[in-house]
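Scroll down for the structure; my scribbles are underneath it.
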Amino acid sequence: MLTVALPKGRIAEETLDIFSEIFNREFKFEGRELIMEVGDFRFLNVRNQDVPIYVERGSADIGVVGLDVIKEKKLNIVKLLDMNLGKCKVSIGIKKEDKIDWSRPNIKVATKMVNITEHYFAQKAMGVEIIKLYGSIELAPLVGLADAIVDIVETGNTMRENGLKVAEDIMDSSAHLIANKNSYYAKKDEILSLYEKINRVVESRV
Ligand code: PRP
């Protein structure tokens, strides 16, 4: 039995579609259920940011999570495969009439992604005051809480509809298959066999 942590929402659905394609049966969370057992698999329905915690601590053997979350959290896990879904960018956003003046000594940035933000501005040798938020990040520059944001951009609609624009892209992200280190050794055959099957589907879709 393998326990798989999936992030609520579209990535979970797309991952379960891949499982359905591989095993030729339905994998689907019903209503608000958080655990689903089908065949040799148990799926956990968790928040995106929480997937690596379940995997790192061994409550899930494997999981699917965005590269942005992996980079943000400095995790002790095995990264197995880029699943090529849930593609997005981590970008700096500012008001559409603004411009980042890189010669300024510092900037105020609102974000969920504190480490990625710190690292990026350190590379640019610009001081940064980070304001940690948990959602609706796009609001911050509109009401003067921050000069800029660092956030996920997928379609760009959220920024556009709120009068923001991308000033710079920091990284590309997509969903990755990860594994708990102990599980990776203890259940190596099971995990690698699944990895190969998922990889085949992912490659057939490129
Ligand atoms: C993410 C992100 C942006 C939005 C970007 O939020 O924080 O707000 O999606 O997508 P777009 O470029 O397609 O508009 P999400 O909906 O995941 O909610 P969250 O704020 O709870 O993380």
Side-chain angles (χ1 to χ4, degrees), residues 4-18 28-29 31-34 43-56 60 63-75 77 79 82-100 107-121 124 128-178 202 205-206:
V4 188
L6 295 179
K8 283 185 175 165
R10 227 188 53 219
I11 291 179
E13 282 166 28
E14 291 181 19
T15 304
L16 291 172
D17 281 349
I18 294 178
K28 198 170 184 297
F29 286 105
R32 301 188 70 83
E33 82 182 349
L34 300 174
F43 295 92
L44 312 180
N45 196 10
V46 308
R47 280 296 293 265
N48 189 32
Q49 310 275 333
D50 295 338
V51 168
I53 297 170
Y54 284 85
V55 175
E56 192 173 40
V64 176
V65 70
L67 186 61
D68 53 301
V69 177
I70 299 174
K71 283 263 157 24
E72 177 65 24
K73 291 194 192 281
K74 299 170 181 151
L75 299 159
I77 45 105
K79 199 161 73 178
D82 181 354
M83 294 176 64
N84 213 24
L85 50 91
K87 284 192 189 177
C88 59
K89 289 182 193 292
V90 176
S91 304
I92 303 175
I94 52 176
K95 285 198 277 186
K96 68 173 185 292
E97 63 275 18
D98 283 357
K99 198 164 143 257
I100 298 182
I107 185 168
K108 219 159 36 165
V109 179
T111 189
K112 265 184 276 197
M113 303 162 152
V114 172
N115 292 323
I116 290 175
T117 303
E118 244 164 31
H119 180 75
Y120 189 76
F121 283 93
K124 295 271 193 180
V128 61
E129 181 189 338
I130 294 177
I131 299 167
K132 163 99 188 182
L133 295 177
Y134 295 88
S136 301
I137 317 292
E138 290 81 1
L139 186 57
L142 304 178
V143 293
L145 183 63
D147 304 314
I149 60 170
V150 168
D151 201 12
I152 298 290
V153 179
E154 209 176 312
T155 60
N157 288 339
T158 311
M159 280 211 197
R160 234 180 342 261
E161 285 176 24
N162 290 290
L164 303 182
K165 67 179 178 190
V166 170
E168 280 191 28
D169 292 324
I170 295 181
M171 65 178 281
D172 288 311
S173 183
S174 56
H176 281 59
L177 186 66
I178 60 172
V202 169
R205 292 178 173 187
V206 174

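We count ligands from 1, going down the list as the structure has it; atoms in each ligand are counted the same way. These numbers were taken from a predicted model, which means no experiment stands behind them.
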Exercise. Looking at Arg205 and Glu14, does any basic side-chain N land under 4.0 Å from a carboxylate oxygen?
Worked result: no
Seminar exercise, completed: atom 4 (C) of ligand 1: closest protein heavy atom, distance to 0.1 Å, is Thr158 OG1, 3.6 Å
Exercise. Rounded to the nearest 0.5 Å, how far apart are CD1 of Ile131 and NZ of Lys108?
Worked result: 5.5 Å
Exercise. Is a side-chain N or O of Ser173 found less than 3.5 angstrom from the main chain of Asp68, in a donor-acceptor match?
Worked result: yes
Exercise. With a 4.0 Å cut-off on heavy atoms, is Ile152 touching ligand 1?
Worked result: yes
Exercise. Could you give the distance from CD1 (Ile152) to CD1 (Ile137), rounded to the nearest 0.5 Å?
Worked result: 10.0 Å
Exercise. Would a search of protein heavy atoms around atom 15 (P) of ligand 1 find one under 4.0 Å away?
Worked result: no
For this session: Measure the CG-CD distance between Asn115 and Glu72 for me, rounded to the nearest 0.5 Å.
Result: 4.5 Å
For this session: With heavy atoms of Gly135 as the reference, note each atom of ligand 1 found under 4.0 Å away.
Result: 20 (O)
Seminar exercise, completed: Per-atom filter on ligand 1: closer than 4.0 angstrom to a heavy atom of Val153 are 12 (O)
Seminar exercise, completed: d(Ile170 CD1, Thr111 OG1) to nearest 0.5 Å is 8.0 Å
Exercise. CD1/Ile18 to CG/Leu177 distance, rounded to the nearest 0.5 angstrom?
Worked result: 9.5 Å
For this session: Please report which non-hydrogen protein atom sits nearest to atom 13 (O) of ligand 1, along with the residue it belongs to and the distance in Å to one decimal place.
Result: Thr155 OG1, 2.5 Å
Exercise. Does the protein put a heavy atom less than 4.0 Å from atom 11 (P) of ligand 1?
Worked result: yes
Problem set entry | Proximal atoms of ligand 1 relative to Asp151 (non-hydrogen, under 4.0 Å) | 2 (C), 3 (C), 7 (O), 8 (O)
Exercise. If you round to the nearest 0.5 Å, how far is CG of Leu142 from OG of Ser136?
Worked result: 11.0 Å
Exercise. Side chain or backbone of Ser136 under 4.0 Å from ligand 1, or both, or neither, by non-hydrogen atoms?
Worked result: backbone
For this session: Would you mind checking which non-hydrogen protein atom is closest to atom 17 (O) of ligand 1, with the distance to 0.1 Å?
Result: Lys112 NZ, 4.9 Å
Problem set entry | Nearest non-hydrogen protein atom, atom 8 (O) of ligand 1 | Glu138 OE2, 2.8 Å
Problem set entry | Main-chain N/O of Ile94 paired to Lys99 side chain as donor or acceptor, under 3.5 Å | no
Exercise. For ligand 1, which atoms sit closer than 4.0 Å to a heavy atom of Glu154?
Worked result: 10 (O), 11 (P), 12 (O), 13 (O)
Problem set entry | Numbered atoms and elements of ligand 1 in range of Gly156, under 4.0 angstrom, heavy atoms | 11 (P), 12 (O), 13 (O)
Exercise. Any protein heavy atom lying closer than 4.0 Å to atom 20 (O) of ligand 1?
Worked result: yes
